[in-house]
Amino acid sequence: MPQIVVLPHVEYCPEGTVIEAEPGISICDALLSHGIEIEHACEKSCACTTCHVVVREGFDSLNEAEEKEEDLLDKAWGLEPNSRLSCQAIVADEDLTVQIPKYTINHAKEGH
């Protein structure tokens, strides 16, 4: 079973961690099922960018991003070439290293 190394994030995973993920599950679902409460304001429907992650290792093993995801990623804070919406990035058979960006664009959480 592939492992996901989650780099430290001050709010969601201060110490960082390593979790196991079933192939075929989204990165978001894998994180949530291991108690890492990553934001997912649109309930994983590919309608926001709050579950944005940067895949530091294993990016090429993921399914290809669809146009809708790529359009949304253009609006994500801290966008990098290896950015994905974790609700759309499906784990394959390869280990991954992911970083949850420091900020998200979530107007509800910001109180706007």
Side-chain angles (χ1 to χ4, degrees):
M1 194 172 310
Q3 292 185 330
I4 300 176
V5 175
V6 183
L7 298 176
H9 181 279
V10 70
E11 185 177 347
Y12 302 118
C13 191
E15 303 298 318
T17 193
V18 178
I19 62 173
E20 289 194 348
E22 189 76 33
I25 191 172
S26 71
I27 292 174
C28 186
D29 283 335
L31 296 176
L32 292 170
S33 71
H34 285 85
I36 301 168
E37 296 297 322
I38 187 169
E39 286 186 59
H40 53 287
C42 70
E43 296 300 319
K44 303 178 277 184
S45 65
C46 195
C48 73
T49 63
T50 60
C51 72
H52 168 227
V53 295
V54 179
V55 182
R56 297 288 178 207
E57 293 181 23
F59 182 82
D60 291 336
S61 71
L62 300 170
N63 61 312
E64 201 164 315
E66 294 185 11
E67 186 175 344
K68 182 176 180 181
E69 178 185 357
E70 289 179 351
D71 288 346
L72 281 169
L73 278 169
D74 286 341
K75 301 171 186 167
W77 185 91
L79 181 67
E80 294 189 22
N82 50 343
S83 288
R84 290 295 303 267
L85 297 182
S86 66
C87 69
Q88 301 300 302
I90 305 301
V91 176
D93 292 325
E94 208 173 294
D95 292 346
L96 302 169
T97 299
V98 299
Q99 180 177 17
I100 302 169
K102 185 174 182 178
Y103 300 109
T104 66
I105 300 171
N106 184 348
H107 297 293
K109 185 175 180 182
E110 294 170 5
H112 293 161

Requested in this report: Given side chain to side chain contact (heavy atoms under 4.5 Å, CB included), test D95 with V5 step by step and report yes or no.
Outcome: CA-CA 8 Å; D95 292 346; V5 175; over 6 Å; no

Query raised in the report: Quick check: are there more than 12 heavy atoms from other residues, nucleotides or ligands sitting under 6.0 Å from CD of E66?
Result: no

Query raised in the report: Would C51 and K44 count as a side chain to side chain contact (heavy atoms under 4.5 Å, CB included) if you check the C-alpha gap in whole Å, the side-chain angles of each, and the deciding distance to 0.1 Å?
Result: CA-CA 8 Å; C51 72; K44 303 178 277 184; over 6 Å; no

Requested in this report: Looking only at non-hydrogen atoms, find the nearest pair between A65 and E70 and report the distance.
Outcome: O-OE2, 3.7 Å

Query raised in the report: Transitively linked via ILVMFWY side-chain contacts under 4.5 Å: L79 with L72?
Result: yes

Query - Backbone of D29 reached by a side-chain donor or acceptor of S26 within 3.5 Å - result: yes

**Report entry** Beyond-backbone contact of R84 with I27, side-chain heavy atoms, under 4.5 angstrom
**Finding:** no

Report summary line: One should read off an interatomic distance between L31 CG and I25 CD1, to the nearest 0.5 angstrom, of 9.0 Å

Report task. Considering non-hydrogen atoms only, spot the tightest contact between P14 and P8 and give its length. Result -> O-CB, 3.4 Å

Query raised in the report: Is any side-chain heavy atom of R56 closer than 4.5 Å to a side-chain heavy atom of N82?
Result: yes

Query raised in the report: Got more than 12 heavy atoms from elsewhere within 6.0 Å of CG, D93?
Result: no

Query - CA sep, side-chain torsions, deciding dist, call: H40, L32, side chain to side chain contact (heavy atoms under 4.5 Å, CB included) - result: CA-CA 10 Å; H40 53 287; L32 292 170; 3.6 Å; yes

Query raised in the report: Do any N or O atoms from the side chain of N63 and from the backbone of Q88 form a donor-acceptor pair under 3.5 angstrom?
Result: yes

Report summary line: Heavy atoms of E80 and V54 approach each other most closely as OE1-CG1, 3.6 Å

Query raised in the report: Going from CD on E69 to CG on D74, what distance comes out if it is rounded to the nearest 0.5 angstrom?
Result: 11.0 Å

Query - In one Ile/Leu/Val/Met/Phe/Trp/Tyr side-chain cluster, 4.5 Å: V55, I36 - result: yes

Query - For the student: nearest non-hydrogen atoms of P2 and V91, plus distance - result: CG-CG1, 3.7 Å

Query raised in the report: Is a side-chain donor or acceptor of H9 paired with a backbone partner of Q99 at a separation under 3.5 angstrom?
Result: no

Report task. Please examine the side chains of I19 and Q3, heavy atoms only from C-beta on, and report whether any two atoms are closer than 4.5 Å. Result -> no

Requested in this report: Give the minimum heavy-atom separation between I4 and A21, together with the two atoms involved.
Outcome: CD1-CB, 3.8 Å

Query raised in the report: Below 4.5 Å, heavy atoms only, C-beta onward: do L85 and L73 meet side chain to side chain?
Result: yes

Report task. State, with a plain yes or no, whether a side-chain heavy atom of E11 is found less than 4.5 Å away from one of E39. Result -> no

Query raised in the report: Out of curiosity, does I38 fall in the hydrophobic cluster containing V6 (side-chain heavy atoms, cut-off under 4.5 Å, transitive links)?
Result: yes

Query - H52 side-chain N/O to W77 backbone N/O, donor-acceptor pair under 3.5 Å - result: yes

Query raised in the report: Taking atom CD1 of I90 and atom OG of S61, what is their separation to the nearest 0.5 Å?
Result: 11.5 Å

Report summary line: For P23 and A92, the nearest pair of non-hydrogen atoms, with its separation, is CB-O, 3.5 Å

